[in-house]
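All remarks here apply to the structure that follows.
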Amino acid sequence: MEIFADLKWRGAINQLTDEDGLQSLLNEKQVGMYAGIDPTADSMHIGHLIPFMVLKRFQLAGHKPVIVIGGGTGSIGDPSGRNSERVLQTMEQVMHNEAALTAQMVHLFGTENFRVVNNRDWLGKISLLDFLRIYGKLFSVNTMLAKDVVASRLETGISFTEFTYQILQSVDFLELFKQEDVQLQVGGADQWGNITAGIDLIHRMEGNDAKAYGLTIPLMLKSDGTKFGKTAGGAVWLDAEKTSPYEFYQFWFNQEDADVIKYLKYFTFLSKEEIDALEVATQENPRAREAQRKLAQEVTRFVHSQAAVEEAERISAALFSGDVQDLTATEIAQGFANMPSFALTSEVKNVVDFIVDAGVDASKRQAREDVTNGAIRINGTQVTDVEAIVDPSAMYDGKFVIVRRGKKKYFLGRVQD
RNA sequence: GGGGGAAUAGCGAAGUGGCUAAACGCGACGGACUGUAACUCCGUUCCUUCGGGUUCGUAGGUUCGAAUCCUACUUCCCCCA
């Protein structure tokens, strides 16, 4: 499918500045395009992936994405989508984040037909007087105040620093237009104001016939209206240290039927035919969760690797069947990375005491009840006798004890001595 | 500043001297069912060495016996100024 039609079908387009103009540009040449990310953390989370998925599709279609790491803008703070002033980060933190994000980008985009640049390289060189004389004159405060992002903050307050953010982002677009032949900026729906400000600046500096376009992506929401990409544990990170590949896989696997097709379209590179087939499969046999499985596999492979997919599936199979005996110590460490864990000694204990000391249950009364009800499994083996004894050195090289309460609540004991 | 009312378990809310470790609803947890779902159903829901122990804003008091009566204090709400 032609890239533009494909994006529309995938529901990836919210607003466009000039559909016909962009369409014909895309037809005639390899177009440079960019999206930015401010180094506010040392990893992307899946929310960040939203504009980058679109860039990746353009890349696969032969165009050239550029990622701007906002070393300059990130030291200022984007007011978009926020109702309070950002706390500035230390420069060391910003630099550390930049390096980590760059590595993630290269992992997703490769090095062919792709660039990562840092806007500190140009923003950092502009003197205050140049800023005011060259750029400031071209921005009307009246227009800036009218942007939604700013207007919504006038009640609660916005600093001059954040107010100028849209000028900096506009300068980015202009610089990229000149240096990297970037003609399209892609961003989330809340970036519309910043993007159009950039196009206006390009027109003023480079002439009205300069071809610069903007594309925003719809706000991603779940079918129940809540925010996409959050779990009880917080954001879903791309960094395997923050969100293990197993948890990452599980996040996608657990999507609702009502959302899964939307996400397949958006977050995978499967063809329309494949996705249509999965849609039918979901309707006819929802219990198989074929679409969710495919979604989890595809996204986990894209963000991590095929090996990560296989490992995640092995851990999933073990955890959900309860057969945890066969897991290796490494797999346990991954599968339990963000599950509750507790420290223990290799001392042999009574189950009830063990459970309470582990924090699995709050009181002995509760612990006895759970044991009696058959709700407790130690290392995959059900324990129903309150007098049973737990020996931490029994399995997994004496390093771990896996406690399961109920069907799928796991707790990992790490033997300390 | 004056007057009135209320504080009960995670939350809401009954309970006005013994039958109350405290109804009921929600939530939470466990189980059955299921698709690692929703719904529904069943059970549990202060601690315990299972003998018992400690609870109804806090501290005292009355009583054989107090969540229930009295006093003081704290907090919250309402009305009047």
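Being a predicted model, the structure only gives us computed values, none of them experimental. In what follows, chains carry the letters A, B, and so on, assigned in the order in which the sequence lines appear, proteins first and then strands, with residues in each chain numbered from 1.
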Using whole Å, what does the distance between atom [atom2] of nucleotide [N] and atom [atom1] of [X] come to?
X: A/L278; N: B/G35; atom1: CG; atom2: P; result: 19 Å
X: A/F248; N: B/U36; atom1: CZ; atom2: P; result: 22 Å
X: A/I315; N: B/U36; atom1: CD1; atom2: P; result: 18 Å
X: A/F411; N: B/C29; atom1: CZ; atom2: P; result: 10 Å
X: A/Y410; N: B/U36; atom1: OH; atom2: P; result: 13 Å
X: A/Q250; N: B/G35; atom1: CD; atom2: P; result: 17 Å
X: A/D361; N: B/U48; atom1: CG; atom2: C1'; result: 15 Å
X: A/Y246; N: B/U36; atom1: OH; atom2: P; result: 13 Å

Looking only at atom [atom1], what distance separates [N] and [M], rounded to whole Å?
N: B/G2; M: B/G60; atom1: C1'; value: 29 Å
N: B/G17; M: B/G61; atom1: C1'; value: 16 Å
N: B/C19; M: B/U68; atom1: P; value: 14 Å
N: B/C70; M: B/U16; atom1: P; value: 14 Å
N: B/C77; M: B/G65; atom1: C1'; value: 34 Å
N: B/A21; M: B/G52; atom1: C1'; value: 13 Å
N: B/U20; M: B/A66; atom1: C1'; value: 12 Å
N: B/A59; M: B/A7; atom1: C1'; value: 16 Å

*So, does A/N118 use its side chain to make a donor-acceptor pair with the main chain of A/D121 at under 3.5 Å?*
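Side chain of A/N118 to backbone of A/D121, a donor-acceptor pair under 3.5 Å: no, none is there.
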*Within the distance-only criterion (no hydrogens, no angle test), does the side chain of A/R301 pair as donor or acceptor with the backbone N or O of A/S305 below 3.5 angstrom?*
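Answer holds: no.
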*Between A/A362 and A/Q292, just flag the one whose closest nucleotide in RNA chain B comes earlier from the 5' side.*
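Upstream on the strand: A/Q292.
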First locate atom [atom1] of [X], then atom [atom2] of [Y], and finally report the distance between them rounded to the nearest 0.5 Å.
X: A/I332; Y: A/K399; atom1: CD1; atom2: NZ; result: 9.5 Å
X: A/D6; Y: A/W9; atom1: CG; atom2: CH2; result: 7.0 Å
X: A/K178; Y: A/I202; atom1: NZ; atom2: CD1; result: 9.5 Å

Distance below 4.0 Å between [X] side-chain N/O and [N] OP1 or OP2:
X: A/K409; N: B/C29; result: yes
X: A/R287; N: B/C33; result: no
X: A/R365; N: B/U48; result: no
X: A/S363; N: B/U48; result: yes

Short N/O separations, protein against nucleotides 37-42 of chain B, under 3.5 angstrom:
from: B/A37; atom 1: OP1; to: A/K408; atom 2: NZ; distance (Å): 2.1

_Ignoring hydrogens, what is the shortest heavy-atom contact between A/F267 and A/M53? Give both atom names and the distance._
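Closest approach of A/F267 to A/M53, heavy atoms only: O-CE, 3.5 Å.
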_Contact summary for A/E331 and A/I315, nearest pair of heavy atoms_ =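 Scanning both residues, the minimum pair turns out to be O-CD1, 3.6 Å.
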*So, for A/Y266 and A/F228, is the gap between ring centers shorter than 6.0 Å?*
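Between A/Y266 and A/F228, the centre distance exceeds or equals 6.0 Å.
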*Please determine if A/D181 and A/K64 form a salt bridge, counting it only when a charged side-chain N lies under 4.0 Å from a carboxylate O.*
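No.
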*asked:* For a side chain to side chain donor-acceptor pair (under 3.5 Å) check, start with the C-alpha distance between A/S393 and A/D391, then their side-chain angles and the critical distance, and finish with the verdict.
replied: CA-CA 6 Å; A/S393 60; A/D391 178 6; 2.8 Å; yes
_Residue A/K364, side-chain atoms from C-beta onward, closest of B/U48, B/C50, B/U44_ =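 Comparing B/U48, B/C50, B/U44 against the side chain of A/K364, the answer is B/U48.
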*State which of B/G30, B/G35, B/C50 makes the closest approach to the side chain of A/R368.*
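For A/R368, the side-chain atoms sit closest to B/C50.
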Could you write out each protein N or O paired with an N or O of nucleotides 51-53 of chain B at a distance under 3.5 Å?
none

_Residue pairs passing the ring pair (Phe, Tyr, Trp, His ring centres under 6.0 Å) test where at least one lies in residues 398-417 of chain A, sequence neighbours excluded_ =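 Checked against ring pair (Phe, Tyr, Trp, His ring centres under 6.0 Å) - neighbours excluded - the pairs reaching residues 398-417 of chain A are A/F336-A/Y410.
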*Assess whether one donor atom and one acceptor atom, taken from the side chain of A/Q366 and the base of B/U45, lie less than 3.5 Å apart.*
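Per atom types, no contact qualifies.
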*State the syn/anti category of B/G51 according to its glycosidic angle, syn meaning within 90° of 0.*
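Syn, which is what one calls it when the glycosidic angle falls within 90° of 0.
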*With both distances kept under 3.5 Å, what pairs with B/U75, Watson-Crick or G-U wobble?*
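Looking at the geometry, B/U75 pairs with B/A6.
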*Searching all strands shown, indicate the nucleotide that pairs with B/A28 (Watson-Crick or G-U wobble; both distances under 3.5 Å).*
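Because both required distances fall under 3.5 Å, B/A28 counts as paired with B/U44.
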*asked:* Is there a side chain to side chain donor-acceptor pair (under 3.5 Å) between A/D172 and A/Q185? Walk through the geometry before answering.
replied: CA-CA 10 Å; A/D172 281 350; A/Q185 183 178 171; over 6 Å; no
*Touch check for A/R293, heavy atoms < 4.0 angstrom, all strands: base, sugar-phosphate only, or nothing?*
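No contact.
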